[in-house]
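One structure is given here, and the rest of the page talks about it.
Lettering follows sequence order; numbering is per chain, from 1.
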2 protein chains.
Amino acid sequence: MITLKQINYALSVSRNLHFKKAADECSVSPSTLSNAVTEMENQLGYEIFERDNKRVLKTELGKIFLESAQSIKLQIDDLEKLAHLKKEPLSHSLSLGIIPTIGPYLLPVVLPAIKKEYPLLNLTIIEGQSEVLVDKVKRGEIDTAILALPFELEGLLPFKFWEEDFFWISHKESKHALKKEISAKELEESELMLLEEGHCLKDQALEACKLSSNSNLNITASSLTTLIQLVAGKMGSTLVPEMALEQLLANNKLLSKAHLKETGPHREIALIIRSTYNGLRDIELLKELFSKELKKKFK
Amino acid sequence: MITLKQINYALSVSRNLHFKKAADECSVSPSTLSNAVTEMENQLGYEIFERDNKRVLKTELGKIFLESAQSIKLQIDDLEKLAHLKKEPLSHSLSLGIIPTIGPYLLPVVLPAIKKEYPLLNLTIIEGQSEVLVDKVKRGEIDTAILALPFELEGLLPFKFWEEDFFWISHKESKHALKKEISAKELEESELMLLEEGHCLKDQALEACKLSSNSNLNITASSLTTLIQLVAGKMGSTLVPEMALEQLLANNKLLSKAHLKETGPHREIALIIRSTYNGLRDIELLKELFSKELKKKFK
DNA sequence: ATTATATATTCGAATTTATCGAACATAAAC
DNA sequence: GTTTATGTTCGATAAATTCGAATATATAAT
């Protein structure tokens, strides 16, 4: 196997057509350089330079070799410069998982800022439930994911950037509907509807209320939007996280909201990564950006 | 300065995604390989693999690095093969891909001449569809391939050595069967059968007729021989390239042929190589030989 | 929980490889 | 014939690579 060092020596000889000058250029002794070039020629099975103590000429094959070698050297140089890519943060591709009870409400808030601050970032967004996303991050299929905690992270590291409470959404004509705040105890009396199994929001909502799932929760839905439609249709009431309120209640004058009066925060939102992940700096920056944009909108 | 040895180690890790397997593949101890990769990463200033004792993943920068590194390795391999150029042309080994709609008809015509003119040539022939062969040439797994154009060459260089038209093959009792020539317009009326998806001949035949594939092409076959049997069985008609006519129609008096009367040539046949391939002289010689032998037989 | 297994890494010793300077060989210039 | 410039050879020395044993740790099995 020939070496890059040998190639560089040969390129220097090619530039200088002079072993001593080339040796000086490479900061090695003439003997070192001569040996290196000769050794490479032996390995290749052909001569690159035709030389005696007075003249250095390129052979026909040598010209072909040197042209290609020069191109290879440039490519190696580029590989060494690749590090600069890393310097510019969030400038390459990043795959981001996000759960359905955060995605539609967080992304519209932060995407414009991401586009503006990191125009070079090539972001891929994958929606899925927490368990699936944790799995994908662990397997390296995606770089990071946005989850709501508490959730079993199986060794992954969380970077929290937001926390929020739940609000109780009911039909205006229902009991308690005009209250600004409501306690879990009062909730038990109403027909509480939550998302179908698999959504962490269901468990988190129940935990915030200190309820267990074997209470009167017969109706379940696959999205918050559906749940809200059920509430509007007087099928019962539900709990939604603060960031979803505006979007869900828009154009719907039949609904009223009340802050859930239980010790909180009711859910925390975090980016999760593998402990060995390299783009820690990128994650920190994303975290800051998310936090900043959310504060702008909600505080 | 990084070394080629380090690059090769990294490429092996990339193939295996496993340091121990890569170490075996490279015939070195795991520690040697681990140290070499780590050292290179330090020199580069970025990590190529994200790893712990259970998982090896490529980083974003690593993917970019490895792609380029693979290409560099190919170029180095080529430099090491340059020695052959010095020797008698077409005197070493050459691997040649060829597509199924050319191989059985071209090879019998040219192989005797190759054997006679270049007895030292050690020829390896690989049959496969165009897409696969383009890939193999790009990866350096084979030296060259014989394809029918037009086809997307992805930067590879074509050396055309033949062009030919399609002929319409039908059962003697079918409509138009006695014509010497037939136009695409008349074809539409018959039940045209072509090769299954993946064969470039299908697309080229359709293009020659200015037809799109959503016409009445329900029957597809995996070889021209099969197609001809279907025609003999009155299942419909088909189009075959000129060089295949003799072999396909031999001993079959039930079939008739008609020249496809559309502006052509309907397909062109070429050798393709990487632009950095060194055996250009060999390819030119092959091209000449192919062209000469085909003319002898068909003109 | 505990143990077993697999695997990447670290470390020090042994080996291999690279490098240097001095001596040598050779060809042109004076 | 002598001098000068230059590429190469050679042996001693310096530097690097490599290995195996020991280590650490994540996952799987019990």
Side-chain angles (χ1 to χ4, degrees), chain A residues 1-44 47-59 62 66 131 134-141 152-157 272-278, chain B residues 1-44 47-59 62 66:
Chain A
M1 166 69 74
I2 64 174
T3 70
L4 286 180
K5 198 187 288 181
Q6 290 168 335
I7 287 178
N8 278 323
Y9 288 165
L11 287 172
S12 179
V13 173
S14 171
R15 279 191 295 275
N16 295 289
L17 289 180
H18 197 287
F19 276 64
K20 189 176 186 316
K21 285 179 192 163
D24 289 344
E25 186 179 82
C26 299
S27 305
V28 292
S29 71
S31 64
T32 297
L33 189 122
S34 172
N35 282 326
V37 171
T38 306
E39 171 61 17
M40 179 164 66
E41 287 175 327
N42 289 339
Q43 285 168 345
L44 289 171
E47 295 202 337
I48 298 166
F49 302 105
E50 181 190 329
R51 53 199 183 274
D52 57 25
N53 19 7
K54 283 292 147 187
R55 226 187 326 272
V56 177
L57 297 171
K58 301 173 194 172
T59 65
L66 290 163
E131 201 174 354
V134 164
D135 229 50
K136 279 189 194 292
V137 172
K138 278 182 78 179
R139 278 208 273 263
E141 289 174 24
E152 173 54 47
L153 294 182
E154 304 176 36
L156 300 177
L157 302 182
I272 59 167
I273 56 166
R274 294 181 302 279
S275 56
T276 54
Y277 180 65
N278 291 326
Chain B
M1 165 71 74
I2 64 173
T3 70
L4 287 180
K5 199 185 288 183
Q6 290 169 334
I7 287 179
N8 279 323
Y9 288 166
L11 287 173
S12 180
V13 172
S14 171
R15 280 190 295 275
N16 295 290
L17 288 180
H18 197 289
F19 274 64
K20 190 178 184 312
K21 285 179 192 164
D24 289 344
E25 186 179 81
C26 299
S27 305
V28 293
S29 70
S31 61
T32 296
L33 189 121
S34 172
N35 283 326
V37 171
T38 306
E39 171 61 17
M40 179 166 65
E41 288 176 326
N42 289 340
Q43 285 167 346
L44 289 171
E47 296 201 336
I48 298 166
F49 302 104
E50 177 194 333
R51 53 199 183 272
D52 56 29
N53 21 4
K54 283 293 147 188
R55 222 193 321 278
V56 177
L57 299 170
K58 300 172 196 173
T59 64
L66 290 164

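Formation of a donor-acceptor pair under 3.5 Å by the D135(A) side chain with backbone atoms of E131(A) is not found in this model. Between the E41(B) side chain and the F49(B) main chain, a donor and an acceptor come within less than 3.5 Å of each other. At distances below 3.5 Å, at least one donor-acceptor pair connects side-chain atoms of T38(B) with backbone N or O atoms of S34(B).
Here dT17(C) presents its P atom at 18 Å from CE of M40(A), a figure rounded to the nearest Å. In this structure, the CZ atom of R139(A) is 13 Å from the P atom of dT27(D), given to the nearest Å. Atom CG of N16(A) and atom C1' of dA5(D) are 16 Å apart (whole Å). dT17(D) atom C1' lies 11 Å from atom CD of Q6(B), rounded to whole Å. The distance between atom CG of L17(A) and atom C1' of dA5(D), rounded to the nearest whole Å, is 16 Å. One atom, NZ of K20(A), and another, P of dT26(C), lie 21 Å apart when rounded to the nearest Å. Here dA8(C) presents its P atom at 15 Å from CD of E47(B), a figure rounded to the nearest Å. Remark: C1' of dT27(D) and CZ of R274(A) are 16 Å apart, rounded to the nearest angstrom.
For R274(A) against V137(A), the heavy-atom pair with the smallest separation is NH1-O, 2.7 Å. Here the closest heavy-atom approach between residue L33(A) and residue C26(A) is recorded as CD1-SG, 4.1 Å.
Residue order along DNA chain D, read from the 5' end via each residue's closest nucleotide, puts F19(A) first among F19(A) and E154(A). Taking for each of D52(B) and E39(B) the nucleotide of DNA chain D with the nearest heavy atom, the 5'-most of the two is the partner of E39(B).
Distance from the side chain of H18(B) is smallest for dT7(C) among the nucleotides dT9(C), dT7(C), dT19(C).
Side-chain N/O atoms of R51(B) include one lying less than 4.0 angstrom from OP1 or OP2 on dT9(C). Side-chain nitrogen and oxygen atoms of R55(B) include none within less than 4.0 Å of the OP1 or OP2 phosphate oxygen of dA8(C). For dT17(C), the OP1/OP2 oxygens have no side-chain nitrogen or oxygen of K5(A) closer than 4.0 Å. OP1 or OP2 of dT9(C) has at least one side-chain nitrogen or oxygen of S34(B) nearer than 4.0 Å.
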B/S/- contact track for nucleotides 19-25 of chain D, protein heavy atom under 4.0 Å: BB----B

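Remark: E154(A) engages V134(A), K138(A), E152(A) in a side chain to side chain contact (heavy atoms under 4.5 Å, CB included) (not counting sequence neighbours).
As judged by a 4.0 angstrom heavy-atom cut-off over every strand, Y9(A) is placed among residues touching the sugar-phosphate backbone only.
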Evaluate the criterion side chain to side chain donor-acceptor pair (under 3.5 Å) for residue pair T59(A) and E47(A); output intermediate values, then yes/no. CA-CA 7 Å; T59(A) 65; E47(A) 295 202 337; over 6 Å; no

